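Below is one structure, written out as structure tokens; comments come after it.
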Amino acid sequence: MAVARALISVFDKTGIVEFAKRLAALKIEILSTGGTAKLLREAGVSVRDVSDFTGWPEMLGGRVKTLHPKVHGGLLFRRKNTEDQKQAAEHGIAPIDLVVVNLYPFEATAAKAGLAAEELIENIDIGGPTMLRSAAKNFESVTVVTDPEDFERVAKELESSGDTTLATRLELARKVFATISRYDGMITTELERLAAASGNISLEEKPVLPERVHLALRRQQELRYGENPHQAAALYVPEGRKPEGLAAAKQLQGKELSYNNFVDLEAARSLAGEFSNPAVVIIKHNNPCGTAEQGTLREAYLKALACDPVSAFGGVLAFNRIVDAATAEEVAKLFVECIAAPGFDEKSKAIFAAKKNLRLLELPPGGLEPERELQLKRILGGMLVQQPDLGEIQESELRTVTKRAPTAEELHTMRFAWKVAKHVKSNAIVFAKDGATLGVGAGQMSRVDSVKIAVMKAQSTLAGSVVASDAFFPFPDGVEEAAKAGATAVIQPGGSVRDADVIAAADRLGLAMVFTGMRHFLH
């Protein structure tokens with residue numbers, strides 16, 4: 001049965017005029033409301049107001065426009081059901097075969113600073129989701145479009161046969177229910193925050209974590225495999241929202257990405273984003289085996305590589321600048337799995353093109369920003385949820401606890417090493433000097449063992465280096481091992497019951513030690 005009537009009511013008007021013109025060219029009657037109707041008329045598209053179609057005016061400040069039996073009857077009546085046909089004819093219900101609706105921008109509204117409750121409530125769309133649900137439920141007869149990216153596909157099918165295929169209608173209906181689910185989840189979360197504000201009109205006081213977390217994700221990309229080849233894996237992104245961050249990176253070349261590639265790329269790009277000067281991060285098994293911040297990208301890469309060139313083999317790299325030819329020439333000498341960067345100049349692309357399997361990912365604008373969404377980790381029977389670790393130390397909060405204060409150079413290196421330690425699996429120990437890591441100890445059950453591993457892995461002298469520890473030293477032994485290796489300064493959170501013993505050891509060894517008062521465990 002050919003599409004004869006369409007209802008169009010959209011907030012996001014991207015591409016809607018062109019799509020409506022194609023519908024009009026097919027002699028499809030167009031019903032519309034408010035700003036959408038005005039826009040289409042101004043573009044020369046013939047439109048019939050929904051109020052004229054229903055015989056009922058828009059009312060309550062626009063809250064009631066499409067909530068009418070003639071609209072939902074036209075969407076829901078089963079075209080092949082004799083009784084439905086009889087009732088539709090009896091009540092003057094005409095079929096609506098195509099619905100094009102997208103929703104008020106509730107998510108963008110909820111993100112506003114100083115948002116008033118009234119504005120939040122008014123941006124809860126009622127008519128839109130209701131029409132979408134009615135149309136999607138009756139997908140056997142009705143085509144429903146909520147994403148402008150589907151306009152071209154639907155228009156082509158209509159132009160080819162006068163109708164869409166059942167497979168298309170089912171796929172679009174699935175997308176609709178996923179979109180509504182996510183939309184309702186956002187509303188639920190924000191209303192819970194509103195309730196937690198004790199009835200205040202202002203929503204500025206929001207609880208740290210919502211009582212409920214709602215997820216609606218769509219599969220964006222099949223992955224090569226999971227953590228191991230026998231595990232299937234895919235990348236999912238939030239339904240109804242454009243991908244961002246690493247999920248929006250453009251793969252320029254190379255093999256299909258795996259689950260582990262993405263995990264390592266996220267670790268690399270998040271650490272690279274910590275630095276303002278040209279910086280390079282080399283990740284192996286989700287830990288930085290080399291990090292450097294220097295005057296040029298090439299110099300940063302060479303210093304990062306020098307930290308642990310053995311572990312760097314087969315690693316994942318991230319840069320916080322566009323990769324140039326001089327840097328690419330050096331990187332091309334090493335086998336690496338993946339490289340992520342804000343961009344690659346043409347010469348560097350040509351250099352990397354010789355390595356067919358090397359995966360190059362161009363990050364989108366904002367691709368080096370820290371992750372600010374809630375972090376989720378599955379356990380059997382539940383989900384752990386936490387805020388991301390966005391804690392940063394302030395100069396005024398640093399506390400020198402030893403007799404010797406750090407020099408300006410040591411203090412500068414401390415800041416660098418502390419940023420790296422935040423991204424190393426605990427127990428984390430980082431030796432650094434001159435804007436580069438010299439040795440990294442990660443993931444050990446005992447902190448002193450992390451120190452020993454970092455010393456063992458170091459490829460150059462540790463004399464005059466700074467040590468960063470993600471959590472306190474429980475005993476003096478870790479500090480003693482660091483001093484024995486040549487370290488002259490330590491930055492750590494403090495807070496151990498044996499802090500006095502650790503400080504005494506540092507004083508005895510001539511170390512400068514600074515407490516941050518902040519821990520950076522990464523499990």
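Numbers here are sequence positions counted from 1. None of these values were measured; they are calculated from a predicted model.
- Taking both residues in full, the closest heavy atoms of Leu257 and Leu265 are given as CD2-CD1, 4.0 Å, listed atom of the first, atom of the second, then distance.
- Interatomic distance, Arg269 CZ to Cys338 SG, rounded to the nearest 0.5 Å: 15.0 Å.
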* **Derivation and outcome, salt bridge (charged side-chain N to carboxylate O under 4.0 Å, His left out), residues Lys422 and Glu392** => CA-CA 10 Å; Lys422 172 183 171 183; Glu392 294 183 3; 5.7 Å; no
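- Thr488 and Glu410 are linked by a side-chain donor-acceptor pair at a separation below 3.5 angstrom, with hydrogens and angles left out of the test.
- Test Arg519, His520, His523 against Ser426 for side-chain contact (heavy atoms from CB on, under 4.5 Å) and you get one pass: His523.
- Taking the side chain to side chain contact (heavy atoms under 4.5 Å, CB included) definition, one finds that Glu152 meets it with Arg22, Lys156, sequence neighbours left out.
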* Just do the salt bridge (charged side-chain N to carboxylate O under 4.0 Å, His left out) check on Lys242 and Asp147 with the steps written out, would you? => CA-CA 11 Å; Lys242 289 184 178 180; Asp147 185 349; over 6 Å; no
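- The main-chain N or O of Val323 is found under 3.5 Å from a side-chain atom of Ser348 such that the two form a donor-acceptor pair.
- The shortest heavy-atom contact between Ala353 and Gln253 is CA-OE1, 3.4 Å.
- The distance from atom NZ of Lys377 to atom CE of Met383, rounded to the nearest 0.5 Å, is 12.0 Å.
- Scanning all heavy atoms of the two residues, the minimum distance from Pro493 to Ser469 falls at CD-O, 3.3 Å.
- By the salt bridge (Lys or Arg N to Asp or Glu O under 4.0 Å) test, Arg415 pairs with Glu395, sequence neighbours left out.
- Across every non-hydrogen atom of Gly295 and Pro278, the tightest pair is O-CG, 3.6 Å.
- Formation of a donor-acceptor pair under 3.5 Å by the Lys284 side chain with backbone atoms of Ser311 is found in this model.
- Side-chain atoms of Gln294 come within 3.5 Å of backbone atoms of Asp434 as a donor-acceptor pair (strictly under, hydrogens ignored).
- Counting heavy atoms from C-beta outward, Val331 and Leu317 have side chains that approach closer than 4.5 Å.
- Remark: the Asn260 side chain and the Ser258 side chain contain no N/O donor-acceptor pair separated by less than 3.5 Å.
- Among Thr291, Ile282, Val281, Val424, the single residue meeting the side-chain contact (heavy atoms from CB on, under 4.5 Å) criterion with Thr437 is Thr291.
- For an aromatic pair to be called close, the ring centres must be under 6.0 Å apart, and Phe515 with Phe472 fails this.
- Taking 4.5 Å as the limit, some side-chain heavy atom of Pro406 sits within range of a side-chain heavy atom of Thr400.
- Gln492 approaches Phe473 most closely through the heavy-atom pair OE1-N, 3.4 Å.
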